[in-house]
Amino acid sequence: MGSIEFDQTRPLDLVLLGRVAIDFNPAWNDQVKEDFKPLKKVHMFEKFVGGSPANIAVGVTRHGMKAGFIGKVSDDQFGEFVVDYFNEQGIDTSHITKCTGGEKLGLTFTEMLSPSESSILMYRNCIADLQLSVDDIDEEYLRQTKALLISGTSLAESPSREAAIKAVMLAKKNGTKIIFDIDYRAYNWKNSDEISIYYSTVAKEADIIMGSREEFDLTEKLIAPGMSDIESAALWQSYRAKIVVIKHGMQGSTAYTADGQSFSVKPFPVQARKGFGGGDGYGAGFLYGLYQGWEIIDCLEFGSAEASMMVRSNNCSDDLPGPEAVHAFIKEEKEQYGEMIARA
């Protein structure tokens with residue numbers, strides 16, 4: 001493939017930095033099935049680990065990759081729940097630390113109104129994940145990983161934003177690949193100028209950038225607003241990016257490579273349970289393909305399949321599939337809809 005190469009001598013495949021939370025989703029199991037309804041009418045919830053970088057960490061681990069996580073959790077049973085869950089999944093938790101000021105993990109309550117309508121209610125006051133500090137960033141740990149993934153949410157407030165930028169600086173210094181998952185969440189930010197300042201700072205150093213068109217517009221606001229996808233890809237590749245992935249939701253996504261090529265896929269058709277969680281599956285699947293040395297189009301197709309599998313699921317972490325399940329899903333979809341169902 002040749003789009004990007006990872007240092008195969010390093011023991012960790014990927015270290016992720018950023019948000020971890022607790023998701024409370026309307027129950028959907030063998031005992032209780034909460035139908036589509038407003039959140040205020042839901043009586044039974046199921047608890048899951050959530051947060052985009054946390055879910056991607058679970059996803060790549062399910063694919064046999066070795067992942068680690070840099071983050072802050074609350075000093076309570078919810079914090080213990082996260083660390084225990086990561087340990088059970090095989091994710092290295094040596095650089096997850098507990099808050100000392102009473103800060104709490106974010107709580108996400110999910111509203112599922114229909115297959116096409118869903119939203120979230122966030123509790124993020126005095127939040128744990130944004131307490132990550134520069135003292136939590138260990139240069140030796142970054143030397144042990146092939147790549148560092150920065151979630152854009154970590155840039156929303158100090159001290160987390162300085163910690164994330166320090167991690168980027170040390171990763172670059174040590175030849176560790178940098179992946180920027182823009183991961184915009186409006187509830188974290190004060191204004192759009194802040195978003196552009198900090199997103200662009202990391203994007204300029206990233207080898208791989210992944211985000212929606214809206215997220216790229218926010219990143220580029222103070223640099224070159226109103227660009228097309230092709231122009232955005234060219235801009236970031238003029239800095240360091242080897243691969244730029246721009247997503248358009250149900251219209252599909254395109255990966256632009258530094259050699260001037262582009263590759264596009266569409267979502268696989270499924271009956272959706274919710275409208276989120278797909279991006280985390282997409283990220284995990286796409287990165288797994290890159291680490292396997294696949295062609296870019298195959299990485300995109302695999303990521304798109306995993307995304308579709310996750311939007312039909314009732315959670316964003318427990319149901320993340322292994323590679324055999326994703327390949328089986330692709331086979332079934334192509335048998336039903338045709339070989340080119342996901343390839344634009």
Side-chain angles (χ1 to χ4, degrees), residues 1-4 52 56 59 63 115-116 179-184 203 206-220 226-237 241-313 320-321 323 325-344:
M1 182 188 67
S3 296
I4 193 164
S52 183
I56 294 175
H63 293 317
S116 60
I179 302 167
F180 184 34
D181 181 15
I182 301 177
D183 189 30
Y184 170 64
D207 298 281
I208 299 170
I209 310 173
M210 303 186 294
S212 67
R213 181 64 259 173
E214 177 194 16
E215 290 172 329
F216 276 91
D217 287 342
L218 289 166
T219 305
E220 295 155 3
M227 290 196 293
S228 68
D229 290 0
I230 293 174
E231 290 169 335
S232 291
L235 171 68
W236 299 114
Q237 287 165 351
K242 304 293 187 297
I243 301 171
V244 175
V245 178
I246 304 178
K247 297 179 278 188
H248 287 272
M250 294 304 295
Q251 284 69 53
S253 58
T254 300
Y256 299 86
T257 54
D259 60 4
Q261 297 188 78
S262 64
F263 307 87
S264 299
V265 294
K266 300 170 291 185
F268 284 87
V270 293
Q271 182 69 28
R273 170 69 177 163
K274 60 187 187 321
F276 48 88
D280 305 337
Y282 183 105
F286 178 75
L287 292 175
Y288 169 70
L290 284 183
Y291 275 78
Q292 298 304 303
W294 296 351
E295 296 295 327
I296 292 290
I297 188 63
D298 296 321
C299 300
L300 287 171
E301 184 179 76
F302 194 88
S304 181
E306 191 160 338
S308 292
M309 295 172 76
M310 292 311 296
V311 298
R312 71 179 184 181
S313 164
L320 283 159
V326 181
H327 286 303
F329 172 85
I330 294 172
K331 182 175 182 292
E332 291 169 5
E333 290 277 304
K334 289 186 173 182
E335 287 174 350
Q336 182 173 356
Y337 297 106
E339 182 68 26
M340 299 300 291
I341 181 59
R343 301 199 178 197

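No experiment lies behind these values; they were computed from the predicted model shown. Starting from 1, each residue takes its place in the sequence as its number.
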Just do the side-chain contact (heavy atoms from CB on, under 4.5 Å) check on Tyr337 and Phe268 with the steps written out, would you? CA-CA 9 Å; Tyr337 297 106; Phe268 284 87; over 6 Å; no

Could you go step by step and tell me if Tyr184 and Thr219 meet the side-chain contact (heavy atoms from CB on, under 4.5 Å) rule? CA-CA 10 Å; Tyr184 170 64; Thr219 305; over 6 Å; no

Is there a side-chain contact (heavy atoms from CB on, under 4.5 Å) between His327 and Phe329 once you walk through the steps? CA-CA 5 Å; His327 286 303; Phe329 172 85; over 6 Å; no

Can you check side-chain contact (heavy atoms from CB on, under 4.5 Å) on Ile341 and Glu335, steps first, answer last? CA-CA 10 Å; Ile341 181 59; Glu335 287 174 350; over 6 Å; no

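Taking a cutoff of 4.0 Å between a charged side-chain nitrogen and a carboxylate oxygen, Lys331 and Glu301 do not qualify as a salt bridge.
The closest side-chain heavy-atom distance from Tyr256 to Phe263 is not below 4.5 Å. Side-chain contact between Ser253 and Tyr282 is present, with at least one heavy-atom pair separated by less than 4.5 Å. Arg273 is not listed as a side-chain neighbour of Pro115, based on a closest heavy-atom distance of 4.5 Å or more. Between Ile182 and Met210 the shortest side-chain heavy-atom distance does not fall below 4.5 Å. The shortest distance between side-chain heavy atoms of Met227 and Leu235 falls below 4.5 Å. In this structure the side chain of Lys266 never reaches within 4.5 angstrom of the side chain of Ser304, judged on heavy atoms. Here the side chains of Asp207 and Ile243 are not in contact, with every heavy-atom distance at 4.5 Å or above. Annotation: side chain of Asp298 is in contact with side chain of Arg343 (closest heavy-atom distance under 4.5 Å).
Atom CG of Asp259 and atom CD1 of Ile296 lie 9.0 Å apart (nearest 0.5 Å). Between the CG atom of Leu290 and the CD atom of Glu295 there is a distance of 11.0 Å, given to the nearest 0.5 Å. Rounding to the nearest 0.5 Å places CD1 of Ile209 at 11.0 Å from CG of Asp181.
By the side chain to side chain contact (heavy atoms under 4.5 Å, CB included) test, Ser212 pairs with Glu214, Glu215, sequence neighbours left out.
Between Ser3 and Lys242 the shortest heavy-atom distance is O-CB, 3.5 Å. Closest non-hydrogen pair, His63 versus Gly285, comes out as NE2-CA, 4.3 Å. Contact between Gly278 and Ala307 at its shortest, heavy atoms only, is O-CB, 3.2 Å. Minimum interatomic distance between Phe302 and Pro323 (heavy atoms only, all atoms of both residues): CZ-CA, 3.9 Å.
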I'd like a table of donor-acceptor pairs (distance under 3.5 Å, sequence neighbours excluded) in which one partner is a side-chain atom from residues 244-251, with atom names and distances.
residue, atom, partner, partner atom, Å
His248, NE2, Asp229, OD2, 2.6

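At least one donor-acceptor pair closer than 3.5 Å links the side chain of Lys274 to the backbone N or O of Met310.
Using modelled atom types and a 3.5 Å distance limit, the side chains of Arg213 and Ser232 yield a donor-acceptor pair.
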